[in-house]
Enquirer: 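Sharing a structure, written as structure tokens. Questions coming.
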Amino acid sequence: MIYHEFHELKLSALGFGTMRLPLIPGGGEQDIDQETLDRMVDCAIAGGVNYFDTAYSYHGGCSELAIGKSLARYPRESFYLADKFPGHQIVKGVKKLDPETVFEEQLKKCGVEYFDFYLLHNINEHSMSYYGNPENKYLDYFLEQKANGRIKHLGFSCYSAAEGLEQFLQMCGDKMEFCQIQLNYLDWTLQNAKKKCEILKAHGLPVWVMEPVRGGRLAKLDDETEAAMRAARPDESTPAWAFRWLQTVPQPTMVLSGMTNLAQMQDNIKTFSEEKPLSDSELGIVYGAAEKLAKFVPCTGCRYCMDCPAGVSIPEVFAAYNRYATSKSRSMFEELYHALDAGQRADNCIACGTCLPKCPQHIEIPKHMKQIAELAAKKE
């Protein structure tokens, strides 16, 4: 396992993100397969992974319980646990979260007395003002917990545009120790992640990486690209190329992967056993793939947009469409799309816009729902 230094700590370069945990077959997002998760955690720790990341909202609030239960089988000092305050869920006039209530609940659910890392979750254009407003005490509370040793290191995750990132750092950057951003070879240009890295470097903050394979979108590419990858690196998987690309970017201290099964864990541990950054010709392959992928709806399946007031299953609709965009197979699209209940399909979208401020990718969801509904209605 590759390790990076952060303050006095030695962190595994690969961290286990728990937003996409294994589920019991036929179950919902809260029905986590604890037995499989335990095997994955055992594999992670045996492979040298020592960083585990969860959040208040993951798996409908059950991720903290599941990873806490699994990690409780190991000495507390043998791993680093990160959790997040769901400030992105605060909506003016609709919802207000009490930081103390949330924080105490998180400690209890995870079964720990402190968090090694704690993040202000999903800082964006809609939520950053709550932290910058001196009348609010959100940030003050977490700084107090840090002073009391219940938070060892305080940082934030950010889906904002580069300008928003700079704005938040101007307000609160002197109190932050690290920043977690969406970073991969598609978003390097698509969401200007390159500029975000430059901003963080200027502020002296190390980079934590989320969505390194973009919710699995970079794990399966078109046949031509995958053939080129196999020819260049016969022993490496398609997802490994996304991680190798990150090794060409000098800033990342931590790379979080939201693994769903044991095979993914094993493959990722193998990848992070050594550094093998991409050559110039290999970079050409991944940037060529990124150019093709930029034509798709950039949904990562994070589900922050849910629940939809009209009942539309937004991530699943986009998944069906993107499979069509990849394969141009009308039958494949219809099979996936019509597997959804009638009330979950795109034609139920009422364009209310509730989802828009929630989407980290800034997708124009109602616009795309209208287009997908038209595609589904079209007769061939």
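Excluded from the calculations below are hydrogen atoms, water molecules and symmetry mates; all remaining heavy atoms, backbone and side chain alike, are included.
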Enquirer: So, is the end of the Lys152 side chain (NZ or CZ) under 6.0 Å from the ring centre of Tyr114 and within 45° of the ring's axis?
Expert: yes
Enquirer: Look at the side chain of Arg345 and the backbone N and O of Val312, then say whether any donor-acceptor pair between them is shorter than 3.5 Å.
Expert: no
Enquirer: Taking atom types as modelled, is there a side-chain donor on Gln344 or Glu316 under 3.5 Å from an acceptor on the other?
Expert: no
Enquirer: With distance as the sole criterion, is a donor-acceptor pair present between the side chains of Gln170 and Glu166 under 3.5 Å?
Expert: yes
Enquirer: Does Tyr304 have Lys358 sitting over its ring (NZ/CZ under 6.0 Å from centre, angle to axis within 45°)?
Expert: no
Enquirer: What pair of heavy atoms forms the shortest contact from Asp83 to Glu64, and how long is it?
Expert: OD2-OE2, 2.7 Å
Enquirer: Rounded to the nearest 0.5 Å, what separates atom OG1 in Thr271 from atom CG in Leu14?
Expert: 8.5 Å
Enquirer: Output yes when Glu113 and Lys108 qualify as a salt bridge under the 4.0 Å nitrogen-oxygen rule, no when they do not.
Expert: no
Enquirer: Report yes if the side chains of Ile32 and Leu65 come closer than 4.5 Å at any heavy-atom pair, otherwise no.
Expert: no
Enquirer: Testing the basics here: between Phe178 and Leu154, what is the closest heavy-atom pair and its distance to 0.1 Å?
Expert: CE2-C, 3.7 Å
Enquirer: Surrounding NZ of Lys195 (heavy atoms of other residues, nucleotides or ligands, distance under 6.0 Å), is the total greater than 12?
Expert: no
Enquirer: Is the count of non-hydrogen atoms from other residues, nucleotides or ligands lying under 6.0 Å from Glu374 atom CD greater than 12?
Expert: yes
Enquirer: Is there a donor-acceptor contact under 3.5 Å linking the side chains of Glu177 and His153?
Expert: yes
Enquirer: Is there a donor-acceptor pair closer than 3.5 Å between any side-chain N or O of Lys84 and the backbone N or O of Thr54?
Expert: yes
Enquirer: Just by distance, no angles: are the side chains of Ser160 and Asn124 close enough, under 3.5 Å, to form a donor-acceptor pair?
Expert: no
Enquirer: Side chains of Glu226 and Thr238: donor-acceptor distance under 3.5 Å anywhere?
Expert: yes
Enquirer: Check whether any side-chain N or O of Gln180 sits under 3.5 Å from a backbone N or O of Val209 as a donor-acceptor pair, and report yes or no.
Expert: no
Enquirer: Inspect the contact between Glu5 and Lys10 and indicate whether a charged nitrogen and a carboxylate oxygen are less than 4.0 angstrom apart.
Expert: no
Enquirer: Heavy-atom count around Asp280 CG within 6.0 Å, excluding the residue itself: above 12?
Expert: no
Enquirer: Just by modelled atom types, is the Glu224 backbone N or O under 3.5 Å from a matching donor or acceptor in the Asp222 side chain?
Expert: yes
Enquirer: Taking C-beta and beyond as the side chain, do Phe243 and Phe272 meet within less than 4.5 Å on heavy atoms?
Expert: yes
Enquirer: Ignoring hydrogens and geometry beyond distance, is a side-chain donor-acceptor pair present between Asp267 and Ser237 at under 3.5 Å?
Expert: yes
Enquirer: Between the side chains of Lys146 and Tyr118, does any donor sit under 3.5 Å from an acceptor?
Expert: no
Enquirer: Ion pair present between Lys69 and Asp38, side-chain N to carboxylate O less than 4.0 angstrom?
Expert: no
Enquirer: Looking at Thr248 and Leu278, would you say the former's side chain and the latter's main chain have a donor-acceptor pair under 3.5 Å?
Expert: no
Enquirer: Report yes or no: does Asn268 contribute a side-chain atom to a donor-acceptor pair with the main-chain N or O of Met265 at less than 3.5 Å?
Expert: no
Enquirer: Heavy-atom distance under 4.5 Å between the side chains of Pro315 and Met306, does that happen here?
Expert: yes
Enquirer: Run the salt-bridge test on Glu35 and Arg39 with the 4.0 Å N-O cut-off and return the result as yes or no.
Expert: yes
Enquirer: Apply the test side-chain hydrogen bond (donor to acceptor under 3.5 Å, both in side chains) to residues Asp53 and Tyr80: give CA-CA distance (whole Å), side-chain angles for both, the deciding distance (0.1 Å), then the verdict.
Expert: CA-CA 9 Å; Asp53 171 272; Tyr80 302 113; over 6 Å; no
Enquirer: Hey, are Arg230 and Asp223 close enough for a salt bridge, meaning a charged N less than 4.0 Å from a carboxylate O?
Expert: no
